[in-house]
> 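For reference, the structure I am asking about is given below.
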Amino acid sequence: MGYSPSKFFEMKATLITILSLCIGIVVLQSQQVRIVNMMPNAQSNETNQDSEPNLAINPANPNQMVGSAFTPNLVGSTNAPIYVSVNGGQTWLLNSIVPSQSATTGTGDITNRFGTTSNWLYTGILRRPTAAGASTTMDILRTNNFLGATAMQQLSTRNSPDQPYVQAATVQSGAGIGADRLYIGNNDLGVSGSQTATIDQSLDATVGTPVIGANVIERRTPLNQDGPPIRVAIHSDGTIYGVYIQRTASSGTIRTANVVVVRDNNWGSGSSPYSALTDPGDSFAGRNVVTGIQFPFGPLL
């Protein structure tokens, strides 16, 4: 999907909730902020919107960064580009290794994350063009050389999800040490019914052929669908949190919703993942942390 103000408002509501949960433990410090134009100098005359940017920093080497946006394919390339930097973001280059073809946006939605220590880069995209007859096609990709010329490897492809948002972490100790755990929050509009908040995941994304499965994390019945943003946070001890917006009412362009947090205590594994946190009000998995929020969903006037 492209940029829409409705996505902005739902993402804003989600981010406000996350910040409010963290405010008791976060210490704010004065820092200098440097604004960087990531567009390489060689493409400085381009006039594309390049909206919805995303930035990934390699925890194993913070000088290595990968950015993405709705950036068109370069002339003569059949792949969409990512922005790459090896000097902490001081300078950037475009590397066309994302298998998606669009002369106007490169891809649809796109996000990236590195494993903690593995140096693997994982990317979730809405591919252009979509599969025949599909409204969206979500591809999960990876590469262990984001600076190289080889196109990223496709790990999975699935029709109908929206807003793939990638998180990854390398297991540091215990069972599965060295494996990359990969999570992709997405709004799966292809499910039967309105429970669309979903997390696709692999418990070992570094193997030759990773197994990637989808978990619906919505346990209640939202109105028509959940909101587009489904986000995942990973703790190194294997605790996984997910947050999503559950729509409950609609009137004109105004939506009413609850912000719901789910948790899994063991990397999202087991027979009933993301059910460790229940709400005292109805005993369903997923805690209603904010209820009855309202926001506009539709074009800004």
> So, for L203 and S269, which heavy atoms are closest and what is the spacing to 0.1 Å?
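Here L203 and S269 meet closest at CD1-CB, 3.9 Å.
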> Quick one: pull up CD1 in I184 and CG in L155 and give me the separation to the nearest 0.5 Å.
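So the CD1 of I184 and the CG of L155 are separated by 8.5 Å.
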> Assess whether side chain to side chain contact (heavy atoms under 4.5 Å, CB included) is satisfied between F114 and N119, documenting all intermediate values.
CA-CA 6 Å; F114 286 93; N119 293 307; 5.7 Å; no
> With a 3.5 Å distance limit and no angle check, can you tell me whether Q195 reaches the backbone of R220 through a side-chain donor-acceptor pair?
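Yes, the answer is positive, given that a donor and an acceptor are paired below the 3.5 Å cut-off.
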> Can you list every side chain to side chain donor-acceptor pair (under 3.5 Å) pair that touches residues 80-98, not counting sequence neighbours?
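Pairs touching residues 80-98 that pass the test: T71-Y83, S85-N87, N87-T91.
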> Can you see which heavy atom on V261 is nearest to which on Y241, and at what distance?
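Taking every non-hydrogen atom into account, CG1-CD2, 3.8 Å.
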> Can you confirm whether the side chains of R142 and N144 place a donor and an acceptor under 3.5 Å from each other?
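Note: R142 and N144 side chains miss the donor-acceptor criterion.
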> Looking at every non-hydrogen atom in both residues, tell me the closest pair between M65 and G88 and how far apart they are.
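Closest approach of M65 to G88: CE-O, 3.5 Å.
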> Check whether the side chains of N186 and D200 place a donor and an acceptor atom closer than 3.5 Å, and report yes or no.
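Yes, D200 and N186 have a side-chain donor paired with an acceptor closer than 3.5 Å.
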> I'd like to know if the side chain of D237 reaches the main chain of T239, judged simply by a donor and an acceptor atom lying under 3.5 Å from each other, with no hydrogens or angles considered.
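Checking the backbone N and O of T239 against the side chain of D237, a donor-acceptor pair under 3.5 Å is found.
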> Within the 3.5 Å criterion, strictly below it, is a donor on S250 or R255 matched to an acceptor on the partner's side chain?
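Yes, because at least one side-chain N or O of S250 sits under 3.5 Å from a partner of the opposite role on R255.
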> Using a 3.5 Å distance criterion without hydrogens, assess whether the side chain of N58 forms a donor-acceptor pair with backbone atoms of A60.
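Checking the backbone N and O of A60 against the side chain of N58, a donor-acceptor pair under 3.5 Å is found.
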> Please check if the side chain of N187 supplies one atom and the backbone of T198 the other of a donor-acceptor pair under 3.5 Å.
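Checked: no pair found.
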> What is the distance from atom CD of Q153 to atom CG of L141, rounded to the nearest 0.5 Å?
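Reported to 0.5 Å precision, the distance equals 9.0 Å.
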> Taking only residues two or more places apart in sequence, or in another chain, which ones meet Y274 in a ring pair (Phe, Tyr, Trp, His ring centres under 6.0 Å)?
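Checked Y274 against ring pair (Phe, Tyr, Trp, His ring centres under 6.0 Å); zero matches.
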> For residues 169-176, run the donor-acceptor check on the side chains, cut-off 3.5 Å, and write out each pair with its distance to 0.1 Å, sequence neighbours left out.
residue: T170; atom: OG1; partner: T116; partner atom: N; Å: 2.9
residue: T170; atom: OG1; partner: T117; partner atom: N; Å: 3.1
residue: T170; atom: OG1; partner: D180; partner atom: OD1; Å: 2.5
residue: Q172; atom: NE2; partner: T170; partner atom: O; Å: 2.8

> Check whether any side-chain N or O of T123 sits under 3.5 Å from a backbone N or O of N112 as a donor-acceptor pair, and report yes or no.
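No, because the side chain of T123 does not come within donor-acceptor range (under 3.5 Å) of the backbone of N112.
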> Side-chain polar contacts of residues 34-46 - donor-acceptor pairs under 3.5 angstrom, sequence neighbours left out - could you list them?
residue: N37; atom: OD1; partner: M39; partner atom: N; Å: 3.1
residue: S44; atom: OG; partner: N41; partner atom: O; Å: 3.0
residue: E46; atom: OE1; partner: N48; partner atom: N; Å: 3.0

> For A249, what residues pass the side chain to side chain contact (heavy atoms under 4.5 Å, CB included) criterion, not counting sequence neighbours?
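A249: side chain to side chain contact (heavy atoms under 4.5 Å, CB included) contacts with T256.
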> Using every non-hydrogen atom in the two residues, find where T196 and D226 come nearest and quote the distance to one decimal.
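Nearest pair, atom of T196 first, then D226: OG1-N, 2.8 Å.
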> Has the side chain of Q154 got a donor or acceptor atom that lies under 3.5 Å from a matching backbone atom of S156?
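Judged by distance alone, no pair lies under 3.5 Å.
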> Only one of I230, D109, N54 clears side chain to side chain contact (heavy atoms under 4.5 Å, CB included) with Y165; which?
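Single pass found, and it is N54.
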> Quick check for you: to the nearest 0.5 Å, what is the distance between L55 atom CG and T111 atom OG1?
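Rounded to the nearest 0.5 Å, the CG-OG1 separation comes to 12.0 Å.
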> Measuring from atom CZ of R181 to atom CD of Q201, what distance do you get when rounded to the nearest 0.5 angstrom?
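Interatomic distance, R181 CZ to Q201 CD, rounded to 0.5 Å: 9.5 Å.
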> Between D139 and T137, does any side-chain donor sit less than 3.5 Å from a side-chain acceptor?
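No - no donor-acceptor pair under 3.5 Å links their side chains.
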> Calculate, to the nearest 0.5 Å, the distance between atoms CG and CG belonging to N159 and D188 respectively.
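Going from CG on N159 over to CG on D188, the span is 10.0 Å.
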> Show the nearest heavy-atom pair for residues A205 and P210, with the distance to one decimal.
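Closest heavy-atom pair between A205 and P210: O-CG, 3.6 Å.
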> Under 4.5 Å side-chain heavy-atom separation, chaining through any Ile, Leu, Val, Met, Phe, Trp or Tyr, what else clusters with V211? Say none if it is isolated.
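For V211, no cluster forms, as it stays isolated from other hydrophobic side chains.
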> Are the side chains of N145 and T150 in contact, using a 4.5 Å heavy-atom criterion?
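Side-chain contact under 4.5 Å: no.
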> Could you tell me whether the side chain of T130 and the main chain of S135 form a donor-acceptor pair under 3.5 Å?
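No; zero donor-acceptor contacts below 3.5 Å.
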> Which distance, rounded to the nearest 0.5 Å, do you find between the OG1 of T253 and the CZ of F295?
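The distance works out to 11.0 Å.
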> Looking at every non-hydrogen atom in both residues, tell me the closest pair between R287 and P280 and how far apart they are.
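Reported closest heavy-atom pair: NE-CD, 3.5 Å.
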> Are I97 and V86 joined in one hydrophobic group, where the rule is that I, L, V, M, F, W and Y side chains link up if heavy atoms are under 4.5 Å apart?
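Linked within one cluster.
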> Hey, is the main chain of P222 close enough, under 3.5 Å, to the side chain of S194 for a donor-acceptor pair?
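It does hold such a pair.
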